[in-house]
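Quick one: the structure is below, questions incoming.
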Number of protein chains: 2
Amino acid sequence: MAQSDTVDRILDAAEELFADRGFSETSLRMITSKAKVNLAAVNYHFGSKNALIHAVFARFLTPFSATLETAFDELEERCDGEPPTLNQTLWALTESAVRMPQRTDKGISIFMRLLGLAYTQSQGHLRKFLEQEYSEPFSRFMRLLKEATPQLSAVDRYWRIQFMLGATAFTMSSSDALRDILQNKLGVETTVQEIAARLVPFLAAGMQAEDTMLVPAFSQAPVA
Amino acid sequence: MAQSDTVDRILDAAEELFADRGFSETSLRMITSKAKVNLAAVNYHFGSKNALIHAVFARFLTPFSATLETAFDELEERCDGEPPTLNQTLWALTESAVRMPQRTDKGISIFMRLLGLAYTQSQGHLRKFLEQEYSEPFSRFMRLLKEATPQLSAVDRYWRIQFMLGATAFTMSSSDALRDILQNKLGVETTVQEIAARLVPFLAAGMQAEDTMLVPAFSQAPVA
DNA sequence: GTCTGTTTGAAACATACGTTTGAGACACTA
DNA sequence: TAGTGTCTCAAACGTATGTTTCAAACAGAC
């Protein structure tokens, strides 16, 4: 075979192990033994562990960002000049994520968990890589959010976007563990789709909350 | 000196480094050199790196959980039988966090970031430790949330609590960086208290969102 | 069949880690 | 002053990591 499947086997194994255990906690030896390839193959094909991490992200982020672009295109076309609503924008994003062609049944869950890790684990090289590779769909999403919430001040919008990112990244990055807890406590099975279906209304409601009306001053009798 | 300050120097350094870089990415050698103590002092005073992690959490979580208990006591007393509202409950928590006596100016931010890490990084030993040491204030908070949102199903409430935790932990953990960005972009100064004042309404609105009404079915025409 | 560039294999490399050791310094009691 | 328990220090231990090496195996072209 001209291009062996070693590369894909490594990517598959790395993707799953990274999602399970994080980056630093996953060694190349774990990856290569799970992938049943030689240890040296990683450095031969990718150059370094960091480059492997980049490759894992690129493999699903590149098609995702393409899907997202067309979803936004369709949305804006359908809205015909009018700015899309907040719900529409959030759903366009969610749909694009959920609909991505998955390699395995765990696909979407791994995808989300990796995105969460990317935000959470402070791997400088990863953040730099993602920023310079995928800045365009990101800033387009930001622009849509801005147009969908004209009532918000720039400062309010800024913070609420952070809150949304936080809720999403955090939940997704630990979604497996959370699902397990729910399974044990309440005996409920949950899919990533259902989590997303619960998350979006939460985010939309938070985003559109009436402004800070009943905020007690700090350092006085507070919760009156 | 009978009880040296080595222990505190180690705790201070570890706390800050953990918050900056995570647990696995922070070596004992980094900690001891930042604390200007000998490498062996960690294992002498704490026994192991994991035990040091526990100690770091215990140092701020124990007083915090005490503060929180009294805040909840006061709240329930003031409500006189009636269950406190969601806003009151969230504010009681926020107040307790903000009012905690801080060792440094970074105090509250480190506090939050560590909590986020505890949830995010899949350190099994940490989760076990926190669960068995601080389960009581946690489940009390959960009970208050439950009584304040009787309209939610258990599953809905579970996930929305996760969303709240995520938005909070994520925002607070990077609040320094976010504040700086805001300062540069919009020329706005922001305090942690103000962030909290924006966060709580966001969370309350998300928590009380109308249930997933306009959720399009996946794998059909989505964003109509 | 022979050659050439690509890919694999087992082993080693250098480095960093958490932990342990044992000798020394120090403060305190008797 | 002698003795005791507490703490610090430099050094080492064993292990695991990412990376490199170099010979062997393999593919396809001539």
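So that the names make sense, note that chain A is the first sequence line, chain B the second, and so on, each numbered from 1. Only a predicted model underlies this, so the values are computations on that prediction, with no experimental measurement involved.
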Among all residues two or more places apart in sequence or in another chain, which pass the side-chain hydrogen bond (donor to acceptor under 3.5 Å, both in side chains) test with B:Glu69? B:Arg140
Interatomic distance, B:Ile31 CD1 vs C:dC17 P [rounded to whole Å]: 11 Å
Any side-chain N or O of B:His45 less than 4.0 Å from the OP1 or OP2 oxygen of D:dT8? yes
Under 3.5 Å side-chain donor-acceptor pair for A:Thr62 and A:Tyr134: yes
Taking salt bridge (Lys or Arg N to Asp or Glu O under 4.0 Å) as the cut-off, I'd like each qualifying pair that reaches into residues 51-67 of chain A, sequence neighbours left out, listed once. A:Asp12-A:Arg59, A:Glu15-A:Arg59
Name the pairs: protein N/O against N/O of nucleotides 16-22 of chain D, kept only if under 3.5 Å.
unit_1 : atom_1 : unit_2  : atom_2 : d
D:dT17 : OP1    : A:Ser27 : OG     : 3.3
D:dG18 : OP1    : A:Lys49 : NZ     : 2.7
D:dG18 : OP2    : A:Leu28 : N      : 2.8
D:dG18 : N7     : A:Arg29 : NH1    : 2.8
D:dG18 : O6     : A:Arg29 : NH2    : 2.9
D:dT19 : OP2    : A:Asn43 : OD1    : 3.4
D:dT19 : OP2    : A:Lys49 : N      : 2.9

Residue set satisfying side-chain hydrogen bond (donor to acceptor under 3.5 Å, both in side chains) with A:Ser33, at least two apart, ordered chain then number -> none
Given atom CG of B:Asp5 and atom P of D:dT8, what is their separation to the nearest angstrom? 8 Å
Gap between atoms CD and P, on B:Glu25 and C:dA16 respectively (whole Å): 16 Å
Going by the salt bridge (Lys or Arg N to Asp or Glu O under 4.0 Å) test, which pairs reach into residues 41-57 of chain A, not counting sequence neighbours? none
Should A:Thr6 be listed as having a side-chain N or O under 4.0 Å from OP1 or OP2 of C:dT8? yes
For A:Asn43, check side-chain hydrogen bond (donor to acceptor under 3.5 Å, both in side chains) against everything at least two apart and list the hits. none
Taking atom P of C:dT7 as reference, at what distance in whole Å does atom CZ of A:Phe46 sit? 12 Å
